[in-house]
Peer 1: 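Handing you this structure, nothing more for now.
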Amino acid sequence: MQTVTAVAHRGDPYRVRENTLDSLRSALDQGADAVEIDVRLTRDGVPVLLHDETLKRLWERDRPLLSLSAAEVRGLTEGGVPTLAEALAATEGSRVMLDLPGTREVRTARRVVDAVREAGAADRVYYCADATAMLAVRAADPSAEIAMTWTSLAPPRPVLLAAVGPRWLNYRFSLVDRDLAARVHRDGRLLSVWTPDTRRAMRRLIDLGADSITTNRIDVLCALRKSG
């Protein structure tokens, strides 16, 4: 079995609440090569870990993140929502994939990029999201490593690929077949997939040539790698 990069989706969410420091640490303890985290900005422009636009699903607080300061978020979640700086410190020495849901403006991407630089983590961080968000990241950091999320079987247009310059193409796992994997590799890019959570699906993707798998079940993926 080929070596595949094991990426923990939002940490280890089957064991610990997603996008928390404990979840990231648990994923790394399970053997993850990298952790994927979602990053959004608070009202005062602080990058924090949250996938949704509000605190409702995870923290039972029906408040939009953009209406809250970082201090207010900390108070409402009893410190449960970490800042990006805290997450990067907790994952020191490990790769981190930053998903930027909802990012549309270069100034938003720049706040995230600046936080990564201030943490001294630029050499171990890479970014994923749709093309609009990744264009913003590319404008904010011409040297950024990018895994552009693509949700169509039709390939990205060459002009878009030239503008974004992704090292990876990041596909929903159900879209991936042998032809798609071959095309990505033929074009000189790496194939990242998300989020298969069964051993059978993971094995199929590895056999198809996926270079990286992002999963909610990092324990299953790491065990599969060990078993060969």
Peer 1: Is it the case that one hydrophobic cluster holds both Trp194 and Leu191, taking links as side-chain heavy atoms less than 4.5 Å apart, direct or via other members?
Peer 2: no
Peer 1: Indicate yes or no: at least one non-hydrogen side-chain atom of Leu98 is less than 4.5 angstrom from one of Leu84.
Peer 2: yes
Peer 1: Give the cluster check for Val193 versus Leu153: same hydrophobic cluster or not, with ILVMFWY residues linked at side-chain heavy-atom distances below 4.5 Å.
Peer 2: yes
Peer 1: To the nearest 0.5 Å, tell me how far Arg217 CZ sits from Leu221 CG.
Peer 2: 11.0 Å
Peer 1: Taking the side chain from Ser23 and the backbone from Thr20, do they hold a donor-acceptor pair closer than 3.5 Å?
Peer 2: no
Peer 1: Should Val96 and Arg124 count as side-chain neighbours, where that means a heavy-atom distance under 4.5 Å?
Peer 2: yes
Peer 1: Under the side chain to side chain contact (heavy atoms under 4.5 Å, CB included) rule, collect the residues that match up with Asp177, sequence neighbours excluded.
Peer 2: Asp179, Leu180
Peer 1: Hey, mind stepping through Thr108 and Leu100 against side chain to side chain contact (heavy atoms under 4.5 Å, CB included) and telling me if it holds?
Peer 2: CA-CA 9 Å; Thr108 301; Leu100 306 182; over 6 Å; no
Peer 1: Side chains of Arg104 and Asp130: does their closest heavy-atom pair fall under 4.5 Å?
Peer 2: yes
Peer 1: Can you list the residues that meet the side chain to side chain contact (heavy atoms under 4.5 Å, CB included) rule with Arg199, with sequence neighbours excluded?
Peer 2: Arg203, Val220, Leu224, Ser227
Peer 1: So, the side chain of Asn216 versus the backbone of Asp197: is there a donor-acceptor pair under 3.5 Å, distance only?
Peer 2: no
Peer 1: Excluding sequence neighbours, so at least two apart, what forms side chain to side chain contact (heavy atoms under 4.5 Å, CB included) with Asp33?
Peer 2: Thr5, Ala6, Arg225
Peer 1: Take Asp211 and His185 through the test side-chain hydrogen bond (donor to acceptor under 3.5 Å, both in side chains) and record every step on the way to the result.
Peer 2: CA-CA 10 Å; Asp211 300 291; His185 291 144; 2.7 Å; yes
Peer 1: Decide whether Val184 and Val164 are clustered together by the hydrophobic rule: side chain heavy atoms of Ile, Leu, Val, Met, Phe, Trp, Tyr closer than 4.5 Å, transitively.
Peer 2: yes
Peer 1: Using a 3.5 Å distance criterion without hydrogens, assess whether the side chain of Thr215 forms a donor-acceptor pair with backbone atoms of Pro196.
Peer 2: yes
Peer 1: Could I get the full list of side chain to side chain donor-acceptor pair (under 3.5 Å) partners for Thr149, not counting sequence neighbours?
Peer 2: Asn170
Peer 1: Side-chain donor-acceptor contacts of residues 109-119 below 3.5 Å, not counting sequence neighbours, with atom names and distances?
Peer 2:
residue: Arg111; atom: NH2; partner: Gly45; partner atom: O; Å: 3.1
residue: Arg117; atom: NH2; partner: Asp141; partner atom: OD1; Å: 3.4

Peer 1: I need the minimum non-hydrogen distance between Arg95 and Asp123, along with the two atoms involved.
Peer 2: NH1-O, 4.4 Å
Peer 1: Heavy atoms only: give me the nearest Leu24-Val35 pair and the separation to one decimal.
Peer 2: O-CG1, 4.1 Å
Peer 1: Could you tell me the separation between the CD atom of Glu60 and the OG1 atom of Thr54, rounded to the nearest 0.5 Å?
Peer 2: 11.5 Å
Peer 1: With rounding to the nearest 0.5 Å, note down the distance linking CD1 in Ile213 to CD1 in Ile206.
Peer 2: 4.5 Å
Peer 1: Can you give me the closest heavy-atom contact between Thr103 and Ala136, atom names plus distance?
Peer 2: CG2-CB, 4.4 Å
Peer 1: What heavy-atom pair brings Met134 and Ala129 nearest, and what distance separates the two atoms?
Peer 2: CG-O, 3.5 Å
Peer 1: Quickly, which of Met148, Arg189, Glu145 forms a side-chain contact (heavy atoms from CB on, under 4.5 Å) with Arg167? Name it, please.
Peer 2: Glu145
Peer 1: Can you list the steps and then say if Val125 with Leu88 is a side chain to side chain contact (heavy atoms under 4.5 Å, CB included)?
Peer 2: CA-CA 9 Å; Val125 163; Leu88 292 174; 3.8 Å; yes
Peer 1: Once you round to the nearest 0.5 Å, how far does CG of Asn19 lie from NE2 of His51?
Peer 2: 8.5 Å
Peer 1: I'd like to check the side chain to side chain contact (heavy atoms under 4.5 Å, CB included) partners of Leu65; sequence neighbours left out, ordered by chain and number.
Peer 2: Arg40, Thr42, Val48, Leu50, Val73
Peer 1: Going by the rule salt bridge (charged side-chain N to carboxylate O under 4.0 Å, His left out), which residues pair with Arg10 if we only count those two or more places apart in sequence or in a different chain?
Peer 2: Glu18, Asp38
Peer 1: Any donor-acceptor pair under 3.5 Å linking the side chain of Arg17 with the backbone of Leu58?
Peer 2: yes
Peer 1: So does Ile218 get a backbone contact from the side chain of Asp12, meaning a donor-acceptor N/O pair under 3.5 Å?
Peer 2: no
Peer 1: First locate atom CG of Leu66, then atom CG of Asp44, and finally report the distance between them rounded to the nearest 0.5 Å.
Peer 2: 10.5 Å
Peer 1: Which residues pass the side chain to side chain donor-acceptor pair (under 3.5 Å) test with Glu105, not counting sequence neighbours?
Peer 2: Arg107
Peer 1: Rounded to the nearest 0.5 Å, how far does OG1 of Thr195 lie from CD of Glu36?
Peer 2: 9.0 Å
Peer 1: I'd like to check the side chain to side chain donor-acceptor pair (under 3.5 Å) partners of Ser212; sequence neighbours left out, ordered by chain and number.
Peer 2: none
Peer 1: Once salt bridge (charged side-chain N to carboxylate O under 4.0 Å, His left out) is applied, do any residues pair with Arg138, and if so which ones, sequence neighbours excluded?
Peer 2: none
Peer 1: Do Arg178 side-chain atoms and Leu208 backbone N/O form a donor-acceptor pair below 3.5 Å?
Peer 2: no
Peer 1: If hydrophobic residues (ILVMFWY) are linked whenever their side-chain heavy atoms come closer than 4.5 Å, directly or via other members, who joins Met97 in its cluster?
Peer 2: Val7, Tyr126, Trp168, Leu190
Peer 1: For a quick test of reading the model, state the closest non-hydrogen atom pair linking Trp150 to Leu175 and the distance between them.
Peer 2: O-CD1, 4.4 Å
Peer 1: Is Arg61 salt-bridged to Glu72, going by a charged N under 4.0 Å from an acidic O?
Peer 2: no
Peer 1: Identify, with sequence neighbours excluded, every residue that meets salt bridge (charged side-chain N to carboxylate O under 4.0 Å, His left out) alongside Glu53.
Peer 2: none
Peer 1: Is there a side-chain contact between Val4 and Leu205, using heavy atoms and a 4.5 Å cut-off?
Peer 2: no
Peer 1: Over all heavy atoms of both residues, which pair between Ser67 and Pro64 is shortest? Give the atoms and the distance, please.
Peer 2: OG-O, 2.7 Å
